[in-house]
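For the numbers below, each heavy atom of this structure counts, side chains included, while hydrogens, waters and symmetry mates do not. Quick note on labels: first sequence line is chain A, next is B, and so on, each numbered from 1. All of these numbers come straight from a predicted model, not from anything done at the bench.
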Protein chains: 2
Amino acid sequence: MAAMNGIKRIGYLGPEGTFSQQAALEYGKDENSLYVQYPNIPELIYAVASGDIDEAVVPAENALEGTVNVTMDMLVHDVNLKIVGEMVLPISHCLMARPGLTIEEIREVLSHPQALAQCRQFLNHELKGIPCRAVSSTAAAAKMAANPSCYYGAIGSIGAASLYGLEVLKEKIEDNNGNSTRFIVLSRQEKEMNVTGNDKTSIAFTVDHRPGSLYHALKIFADNNINLTKIESRPMKTLLGQYLFLVDFEGHYKEDKIRGILEKLSTNSKYYKFLGSYPKFCNEVKQETVGR
Amino acid sequence: MAAMNGIKRIGYLGPEGTFSQQAALEYGKDENSLYVQYPNIPELIYAVASGDIDEAVVPAENALEGTVNVTMDMLVHDVNLKIVGEMVLPISHCLMARPGLTIEEIREVLSHPQALAQCRQFLNHELKGIPCRAVSSTAAAAKMAANPSCYYGAIGSIGAASLYGLEVLKEKIEDNNGNSTRFIVLSRQEKEMNVTGNDKTSIAFTVDHRPGSLYHALKIFADNNINLTKIESRPMKTLLGQYLFLVDFEGHYKEDKIRGILEKLSTNSKYYKFLGSYPKFCNEVKQETVGR
């Protein structure tokens, strides 16, 4: 059973050497934590829902590639978990291969699809025509590239290169400096969820299919002087052209003003889901507002 | 050289048997068209930009999985092409394998990452624990699964199964009925771009990092009674938390009212890009507005 003897079981996207593991180690470092790895995001999220682990550290958004759709879609449609924390990690990718293999000898490039997308320009210019294969994580790619009979290049962290005995052929191959990934921490319970004074709240809602309804939903935030830190539309998974909105904003659901906004939004929306209030990550890359 | 002798060269995402090919054949059927296949979306889009082909039919959005990020990001950041048309295809996926292979014998499932995502629930329930491999297209997956010594299942169209001599093990495995994909047609020229009376316009813009700026941008549409058919945020690819908005709405840039809106938006936005005005697809799955 989870959370016995004061030990907190924290899940992450494995194998060893992923950015997700880095985020989990950082998140759990001040508590008595036991780390459990899962091979993909759905199994990781379902493991919290079923009680196999207490919390999961899951990638939610990357600065270059955007929302990690599977994470946010599962949170909205498939499980009833709450976001209880967030972490932002700077992300820099390397091209790596088994010792001795040169960049010209690479026959296939392996990585997580998000990492491949984050290095798209590098791949198009420096490895033009070399096929890319999407695998389950950057660390899984590094592990596969360590096979001495292969001609794989892998894209992942410098830590994964050293963990799997690979040589770094090129560093910082992402399309842009300032790359970072936001991880969220998922839990079954809203646990403390206490106001820290520097909090964020995440919700999902649909707007009616009446003219002006998104504009009117945003007006509720504007009238209350609330900064949106993120707005994202995702398909409702019904018909093309039907969307739900994922919104992050400053404030905590226990504050009166925020409670008022949430009540108004939930009353005005056919579909509304509260996803959590949690402390804003402090060493965060400077986030600017998208308007309110 | 392209467009010689009245022949229009239309590119699509190959190999044979992709949904993209279906969309291209439908789009080009009334003209003297020559079809050219490309192995991935970046090569397809760069082929129009360089003049190797006249137009490309490119997937832009799926009802279940949302925006095809690479398409929209390239259109915004990497090339200067215009959207000159759109097509909506109903999408239904099958699980297929070489004749004789049963569902229990499958050791790995191959498909395009979007198709894997669209069948996520089926994969989690009926093929739990079987690894999935993302490949460049649904048809490429079918082609690989035809290898008589393999134990692959492939996810793709019923047409791809028959094209590559595979057996359909299960039909309609997508997570939801009503699945469809919107393809856009890209061209170097704005060509006719004439008002048909039933048009759509696509733009990309950022809002200032001042409170209320997205709300005020949407107000321009609301005040002019213009329906948004889509609003999507994508990362600016600079820092986490900086977004640009992709908006589709009803109307044509040659109409006075729309021209006024575009002028106002481009004046008020640090970044603004006009992506095209084009006839709305007619047999379209019913699209409802997201508000204006």
| Side chain, backbone, both or neither: which part of P42(B) has an atom under 4.5 Å from a heavy atom of chain A? | side chain
| request: Identify which part of D78(B) has an atom lying under 4.5 Å from any heavy atom of chain A, answering side chain, backbone, both or neither. | output: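 Contact with chain A is through the side chain of D78(B) alone.
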| query | Looking only at heavy atoms, which two atoms of E65(B) and P235(A) are closest? And how far apart? | reply | C-CG, 3.9 Å
| At their closest point, which heavy atom of Y46(A) faces which heavy atom of N124(B), and how far apart are they? |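 Smallest heavy-atom distance, with atoms named: CE1-ND2, 4.0 Å.
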| message | Are there over 12 heavy-atom neighbours, none belonging to K264(A), within less than 6.0 Å of that residue's NZ? | response |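 No, not enclosed.
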| Out of D175(A), D248(A), V135(A), N62(A), which one racks up the most heavy-atom pairs below 4.5 Å with chain B? | N62(A)
Distance, nearest 0.5 Å, that separates [atom1] of [X] from [atom2] of [Y]:
| X | Y | atom1 | atom2 | answer |
| --- | --- | --- | --- | --- |
| E61(A) | Y243(B) | CD | OH | 3.5 Å |
| Y215(B) | I220(A) | OH | CD1 | 10.5 Å |
| N69(B) | Q114(A) | CG | CD | 8.0 Å |
| L64(A) | D73(B) | CG | CG | 9.5 Å |
| N40(A) | L123(B) | CG | CG | 10.5 Å |

| said: I'd like to know which of T181(B), T67(B), N176(B) tops the heavy-atom pair count under 4.5 Å against chain A. | reply: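 So the answer, after comparing T181(B), T67(B), N176(B), is N176(B).
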| field | Heavy-atom pair count under 4.5 Å with chain A, highest-scoring of R133(B), E232(B), Q118(B) | value |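 When all of R133(B), E232(B), Q118(B) are compared, R133(B) has the most.
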| query | Does any non-hydrogen side-chain atom of M74(B) lie less than 4.5 Å from one of R120(A)? | reply |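 Counting from C-beta outward, R120(A) and M74(B) do come under 4.5 Å.
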| request: Walk me through it: do Q121(A) and H77(B) pass the test side-chain contact (heavy atoms from CB on, under 4.5 Å)? | output: CA-CA 11 Å; Q121(A) 287 172 16; H77(B) 297 288; 5.7 Å; no
